[in-house]
Amino acid sequence: MFNKIWKNKEGESSSPLVYAKEDILQHPIPKHVAIIMDGNGRWAKKRALPRAAGHYEGMQVVRKITRFANELGIKILSLYAFSTENWKRPKSEVEYLMKLPEQFLTTFLPELIEENVNVRVIGNTEQLPEHTRRAVEKAINETKDNTGLILNFALNYGSRAEITYAVQQIAKDIQNGRLSPEQITEELVSSYLMTKDLMDPDLLIRTSGEIRLSNFMLWQLAYTEFWFTDVLWPDFTEQHLLEAIAAFQKRNRRFGGV
Ligand code: FPP
């Protein structure tokens, strides 16, 4: 199905296959790809570097993969950048992680604008430090009319908190007479979630060998294809994304039908 070329260049990934972009583009591309970017800390530890070095490298990979996803014609790229549970990390690491969106968006905003990328954020941004929130709002505002890839950062995001909040809002709307219980459908619930303007992901990728969802888009991932890899996020390349899409293209999505 795909051109398979044996890699022999020193230092390349252990995967023997090279997927050609042209071949992948012959078949349907997932419209919405969601990624749990994991393994920054382990990447740094393997090199005897501070964990922050792993996060910094992870940020460079975000840039590379965003650009490539756009090139492939992916419509939405959702990236789990900071979970509601990540506040439990040491204060210095949290502070560093909070600087990353600002650093990323400030450094790459001109490039994102040039590439027609539309930046969005899901998560409780009110709890973010002022400097992080300002950078995020600026990027959202300055890219709001862009029609290319939607780059959707999950920042201070937790799926259970999102669903809980949606239930509270639905209950309030019933209480104030705007809604009746009979009107509660799956579509209505979806419309109360932070992803209300986005289609559900077609493909979920998680790096670093962990096989769990860690409170990421629990409702939205109901029919999504999952692809797990041992590759640590800072080592993730365009080739790995093509590999994940190739696996997706071989799946038979039935959505519960036959
Ligand atoms: C998980 O790796 C990664 C994170 C909690 C942070 C993800 C952030 C980035 C990839 C940086 C880019 C962010 C933006 C906003 C551009 P881990 O630290 O849990 O790794 P470990 O499990 O190996 O310790």
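Just follow the structure's listing: the first ligand is 1, and inside any ligand the first atom is 1.
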Give the atoms of ligand 1, by number and element, whose distance to some non-hydrogen atom of L97 is under 4.0 Å.
6 (C)
Where is the nearest protein heavy atom to atom 19 (O) of ligand 1: which residue, which atom, and how far?
R89 NH2, 2.7 Å
How close does the nearest protein non-hydrogen atom get to atom 7 (C) of ligand 1, and which residue and atom is it?
A81 O, 3.5 Å
With distance as the sole test, does D202 use its side chain to make a donor-acceptor pair with the main-chain N or O of H32 at under 3.5 Å?
yes
Looking only at distances, can you tell me whether any N or O atom of N40, backbone or side chain, sits closer than 3.5 Å to an N or O atom of ligand 1?
yes
Where do D38 and R206 land on the side-chain contact (heavy atoms from CB on, under 4.5 Å) test, with the steps shown first?
CA-CA 7 Å; D38 200 3; R206 182 169 187 153; 2.8 Å; yes
Within a distance under 4.0 Å of any heavy atom of V62, pick out the atoms of ligand 1 and give their elements.
12 (C)
Quick look: W43 vs ligand 1, heavy-atom contacts under 4.0 Å, and the answer is neither
Please identify which atoms of ligand 1 are closer than 4.0 Å to at least one heavy atom of W233.
10 (C)
Aromatic W87 / basic R89 pairing, under 6.0 angstrom, 45° off normal:
no
Tell me, please: is S208 in heavy-atom contact with ligand 1, that is, under 4.0 Å?
no
Please confirm whether R51 approaches ligand 1 to less than 4.0 Å, judged on its heavy atoms.
yes
Applying side chain to side chain donor-acceptor pair (under 3.5 Å), name anything that partners T147, two or more places apart in sequence or on another chain.
N116
Enter the distance from T84:OG1 to Y157:OH here, rounded to the nearest 0.5 Å.
9.0 Å
Side chains of V136 and L155, heavy atoms from C-beta outward: is any pair under 4.5 Å?
yes
With heavy atoms of L100 as the reference, note each atom of ligand 1 found under 4.0 Å away.
11 (C)
Hey, what do you get for NE2 (H55) to NZ (K99), rounding to the nearest 0.5 Å?
12.5 Å
Proximal atoms of ligand 1 relative to F104 (non-hydrogen, under 4.0 Å)
16 (C)
For atom 5 (C) of ligand 1, the closest protein heavy atom turns out to be N86 OD1, 3.6 Å
Between F153 and F104, does the ring centre distance come in under 6.0 Å?
yes
Answer with yes or no whether Q103 contacts ligand 1, where contact means a heavy atom under 4.0 Å from a ligand atom.
no
Ranked by distance from atom 14 (C) of ligand 1, the top protein heavy atom is F153 CE2, 4.1 Å
List the steps, then state whether salt bridge (charged side-chain N to carboxylate O under 4.0 Å, His left out) holds for R134 with E137.
CA-CA 5 Å; R134 248 187 288 123; E137 279 164 8; over 6 Å; no
Geometric N/O contact R42 with ligand 1, under 3.5 angstrom:
yes
Between ligand 1 and G41, is the shortest N or O to N or O distance under 3.5 Å?
yes
Atom pair CD1/CE of I150 and M199 - distance to nearest 0.5 Å
7.5 Å
